[in-house]
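Take a look at the structure below.
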Amino acid sequence: MTGATAHDVPRPRRRARDSLGRPPLVLLLPAVVAVLLLVSPLVTMVVATDPSSLAAAAGSPAVADALWLSFITSTAATVICLVLGLPLAWMLARVDFPGRRLVRSLVIVPMVLPPVVAGIALRTAFGRSGLLGEPLLATTGFAFPYTTWGVVLAHVFVALPFVVISMEGGLRAAGSGYDAAAATLGASRWLTFRRVTVPLALPGIAAALVLGWARSLGEFGATITFNGNYPGITQTMPTLIYVERQSDTDAVLALSLIMLAVSVGVLVALRDRWLVTA
Amino acid sequence: MRDVSPGRAGGLAATLTVPGRLDVELTAGPGDVVAVVGPNGAGKTTLVQALAGLQPAAGEQWLAGADLTGVPPQERHVGVVFQDQRLFPNLSALENVAFGPRARGVAAGASRAVARDWLDRLGVGGLAGRRPGELSGGQAQRVAIARALAADPALLLLDEPFTGLDVGVAAALRVELAGHLAGYRGVTVLVTHDAIDALTLATTVAVLDGGRLMQVGPPSEVAARPRTEHVARLVGLNVIRDGDRFRAFTPSAVAVSLHEPDGSARNRWSGTIRSAAPHGGAVRLQVHAGHDLIADVTPAATRELGLAPGRRVWLSVKETAITAY
């Protein structure tokens, strides 16, 4: 089990850590239990899946539609999170405006909200008779619920807090000293933002987006509450799995495994480039 | 009334107050190099930040005829060489130096030409393509100085520019910097904790302590007649304050004995040796005797008298060896 990690960790660091003595059992034991708790359900799921049903599920048009919709909506939500979230994260990290702490607290609320409640809240705001939804429908003829845009809206609502808070951490970690240096050289805040702040915080920003994308990919509660479950329009992978769960166990396992593979694939693909923790 | 004429004529005139940290009045003419010396926590970096507009400060500031009071750092034309350099790690040395001209609207090609010229002048033209992470401490400091000067500032702030450099590198850079500052028409404020910087580079020395300027004058004057213990230590003098009067004497003028000396009642002190270390051909003793005093004795005397830390000794100085001011 230590074989894989021994390759990843440079030798001198490993020795330095070991030189402080063996980790105490009182810390080692819970840590091992935590790993088992996280890994064992995934392993059992892989073991329990029938390979033939996996092939059938992968070839089914309903799965292809749901997977594609999940991918599209998550990506769209991530782009919106970048466009809206980065400026907000920058405001929170760099501008000392009155009420900053309050704004940060408000931003975090959807993070701790049960997703189903988030769906209900979205309906009161953007539903067809919602406070904002009704005038929107009256003026443009467009309503969010039960559309793909509604899915994106729900995804943004649940993912944005993670993205903003994580990006703010990344911007703070990059430090404001370089911003000060840029200012003394005559750079406007916008130029400094583009040429200095963002490039230096890029790893943190990218990690925040990956986090947001993953959160969005798994979004279920708010989506199904706000948008229902229409194949090809609002049926994402998690909602499809939820529906199948009631009938076909083999198919559900196969679908879940596909989700697992996609998630792990993204994590591995991005790990080396962006998710390197200091 | 405060005289702001240097600020109007091209120099610097500033009264800056940061509550609890800084309360100074500073004036300098074009071409002046003001060395700011003082112990840690004296407010040196706060002064630099306030002059650059990075630290909000009450008061007034004039530079090259322009009123900088309340003006943001972007519009001040104040160049800063930060203690930690702060070269943008994502840009090459050339791009770092070109950043200032670019930010002020100079075209990309012209900015790069200016940057190349400044890198050449600082002797690091060959490193233009390197990232800051690939530069040594001395090279990075040269690039940082080039970056500050390329933005054509009316005031150049250097915050401990030789700190953290190897002794030899610092010495070479000090000589070069003296050359650049001699040709620079703006005002330079150089924060340093090194007496050599103050004596070799500065036209004026300003002694900062507890956020206030304790002494301002030509380097020779400040070195000969220090008014703070910090500067006295920097230049290797003993200074005793008596109200508004100061009495200074050199460590070599101090006689050390194990028993109370005869003669003049005034200039003798009893105390404990704090440290003994080689200093040139002599041994320098630090003695705590009410005041902290330093005395230079011969290695032979050190052995004969057994002058080691912890030993109680008497120090005495002839009245004729003391400068009073």
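Labels below follow one simple rule: chain letters A, B, ... track the order of the sequence lines, proteins then strands, and each chain is numbered from 1. Because the structure is predicted, anything quoted here is derived from the model rather than measured.
Contact check on A/R104 versus A/E168 returns a salt bridge, with a Lys/Arg side-chain nitrogen under 4.0 Å from an Asp/Glu carboxylate oxygen. Between B/E176 and B/R142, at least one side-chain N (NZ, or NE/NH1/NH2) sits under 4.0 Å from a carboxylate O, which counts as a salt bridge.
When the shell of 6.0 Å around CZ of B/R212 is examined, it contains 12 or fewer heavy atoms from other residues, nucleotides or ligands.
B/R147 touches chain A through backbone and side chain together, each having a heavy atom under 4.5 Å away. Neither the backbone nor the side chain of B/L157 comes within less than 4.5 Å of any heavy atom of chain A. If you measure heavy-atom distances from A/S188 to chain B, the contacts under 4.5 Å come from the backbone alone. At a 4.5 Å heavy-atom cutoff, B/R76 makes no contact with chain A through either its backbone or its side chain. With a 4.5 angstrom heavy-atom cutoff, B/A151 touches chain A only via side-chain atoms.
Both tests pass for B/R86 against the ring of B/F82: distance under 6.0 Å to the centre and angle within 45° of the axis.
Counting heavy-atom pairs under 4.5 Å between each of A/G175, A/P199, A/G186 and chain B puts A/G186 at the top.
By the 30° and 60° cut-offs, the orientation of the rings of B/F88 relative to A/Y178 is tilted.
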